[in-house]
2 protein chains.
Amino acid sequence: MRIGELAARAGTTTRTLRYYESRGLLPARRGDNGYRTYDEEDLKLLRQIRTLQDFGFDLEETRPFVECLRAGHPEGDSCPASLVVYRRKLAELDTLIEQLTSVRAQVAAQLTRAEAAVPGGPEPKCELGGHG
Amino acid sequence: MRIGELAARAGTTTRTLRYYESRGLLPARRGDNGYRTYDEEDLKLLRQIRTLQDFGFDLEETRPFVECLRAGHPEGDSCPASLVVYRRKLAELDTLIEQLTSVRAQVAAQLTRAEAAVPGGPEPKCELGGHG
DNA sequence: GTAAGCCTTGACGCGGACGTCAAGGCAAGA
DNA sequence: TCTTGCCTTGACGTCCGCGTCAAGGCTTAC
């Protein structure tokens, strides 16, 4: 399998694959013509990376998962190092969600306060017969 | 008041103030020597910007608030345009918090699943006598 | 042979809010 | 006068995950 096919099968681009290779995350063998060559195993690694990226993991944070798979384990998170990343990410998410929730509350309070003072601002939101 | 003093009083840097000016957000008068000159009103504008920035507002999103103050209103959110930004930001925050919460749940599920399979992974979290 | 469609490397662009020099002007105290 | 410390503009660097050319080589079909 060449780079274009792998990219298509993983729903990404060739540019992305070359970038991963430049980071040492997904190295490729080369054919006689210099073309990159991949196999089904690489597709599995790539899908692991993409899944974590979609979760908002930094590229570096996916490395333990990739190495875990490459070491022969059935899943990318079958290794302690991957679990460490999971736990750290959970903590980060908790902190972030907490902060955002706090900000949301403050902004909501400001909006409520300001709406009461601006003419035409407070859009009438009836408590009766509403759909929200 | 010159740029250094204003920056210090607002807890920011001169670089930041020059950046705001380059964006047309906080223009400055100039003295005979070419130095930027600010007054108490500018400090108020700057504090409004900083507060919103701390909330995660983009710089452009602070513009209506600044213009509102500059128009003579008592608060930056005393104008309809500011309220529009508030509401949009609230919607963004809700979406973001929702997404992050979803991701958090998925990561937590993965962690739980993986911990059950990795030797040394599942740190014993007793249900009895805990403090969590 | 030639056009199309893959592939290669190299390198600059992007977005956002600044940080960090660099080279020089101005002001005030000793 | 000299030093110190403020100020000026200009311009490149940072972070991250790529996007987007550019210039050229390989392969395949016709």
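Letters go in sequence order (proteins before strands), and every chain restarts at 1.
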For this session: Taking the side chain as every heavy atom from C-beta outward, state whether A/Leu26 and A/Val66 have any pair of such atoms under 4.5 Å apart.
Result: no
Exercise. For the atom pair CD (A/Glu75) and CD (B/Gln110), what is the distance rounded to the nearest 0.5 Å?
Worked result: 8.5 Å
Exercise. Should B/Arg18 be listed as having a side-chain N or O under 4.0 Å from OP1 or OP2 of C/dC18?
Worked result: no
Exercise. Under a 4.0 Å heavy-atom cut-off, which of residues 58-68 of chain A touch DNA chain D?
Worked result: A/Asp58, A/Leu59
Exercise. Between A/Tyr20 and D/dG17, is there a side-chain N or O to OP1/OP2 distance below 4.0 Å?
Worked result: no
For this session: Mind grabbing the angle between the end helix axes of the helix from C/dG1-D/dC30 to C/dA30-D/dT1? Five pairs an end, 10° rounding.
Result: 30°
Exercise. For B/Glu21 and C/dA17, what is the distance between atoms CD and P respectively, to the nearest whole Å?
Worked result: 17 Å
Exercise. Do A/Tyr38 and A/Leu46 have side-chain heavy atoms sitting under 4.5 Å apart?
Worked result: no
Exercise. Rounded to the nearest Å, what distance is computed from the CZ atom of residue B/Phe55 to the P atom of nucleotide C/dA17?
Worked result: 17 Å
Exercise. For D/dC16, does OP1 or OP2 lie under 4.0 Å from any side-chain N or O of A/Gln53?
Worked result: no
Exercise. C/dG16 P sits how many Å from B/Leu25 CG, rounded?
Worked result: 14 Å
Seminar exercise, completed: To the nearest angstrom, the CG-P distance between A/Asn33 and C/dT9 comes to 11 Å
Exercise. Of all the choices, D/dC26, C/dG19, D/dT8, which nucleotide is nearest to the side chain of A/Tyr35 once you look at every atom?
Worked result: D/dC26
Exercise. Between A/Arg50 and D/dC18, does any side-chain N or O lie under 4.0 Å from OP1 or OP2?
Worked result: yes
Seminar exercise, completed: Closest of C/dC7, D/dC18, D/dC7 to the B/Thr14 side chain is D/dC7
Exercise. Per the atom types in the model, does the base of D/dT8 pair as donor or acceptor with the side chain of B/Arg36 at under 3.5 Å?
Worked result: no
Exercise. CD1 of B/Ile3 versus C1' of D/dT8: gap in Å, rounded?
Worked result: 10 Å
For this session: Would you give the length of the straight line joining atom OG1 of B/Thr12 to atom OH of B/Tyr19, rounded to the nearest 0.5 angstrom?
Result: 12.5 Å
Exercise. In whole angstrom, what separates B/Arg15's CZ from D/dT9's P?
Worked result: 11 Å
Exercise. Phosphate oxygens OP1/OP2 of C/dG19: is one of them under 4.0 Å from a side-chain N or O of B/Thr13?
Worked result: yes
Problem set entry | Salt bridge A/Asp42-A/Arg9, side-chain N to carboxylate O under 4.0 Å | no
Exercise. Have B/Ser102 and B/Glu98 got a donor and an acceptor in their side chains that come within less than 3.5 Å?
Worked result: no
For this session: Describe the nucleic acid contact of A/Arg23 in one word from base, sugar-phosphate, nothing, applying a heavy-atom distance below 4.0 Å.
Result: nothing
Problem set entry | Which residue lies more 5' along DNA chain C, comparing B/Arg2 with A/Glu5 via nearest heavy atoms | A/Glu5
For this session: Taking the side chain as every heavy atom from C-beta outward, state whether A/Leu59 and A/Tyr20 have any pair of such atoms under 4.5 Å apart.
Result: yes
Problem set entry | 5' priority, DNA chain C, between B/Leu17 and A/Gly4 [closest heavy atom] | A/Gly4
Exercise. Less than 4.5 Å apart, any side-chain heavy atom of B/Glu61 and any of B/Leu52?
Worked result: no
Exercise. Are A/Arg30 and C/dT9 close enough that a side-chain N or O sits under 4.0 Å from OP1 or OP2?
Worked result: yes
Problem set entry | Rounded distance in Å - CD1 (A/Ile49) to P (D/dC16) | 17 Å
Exercise. Charged N to carboxylate O below 4.0 Å: is that the case for A/Glu41 and A/Lys44?
Worked result: no
Exercise. Under 4.5 Å between any side-chain heavy atoms of A/Arg36 and A/Arg30, yes or no?
Worked result: yes
Exercise. To the nearest Å, how far apart are A/Leu6 CG and C/dC7 C1'?
Worked result: 14 Å
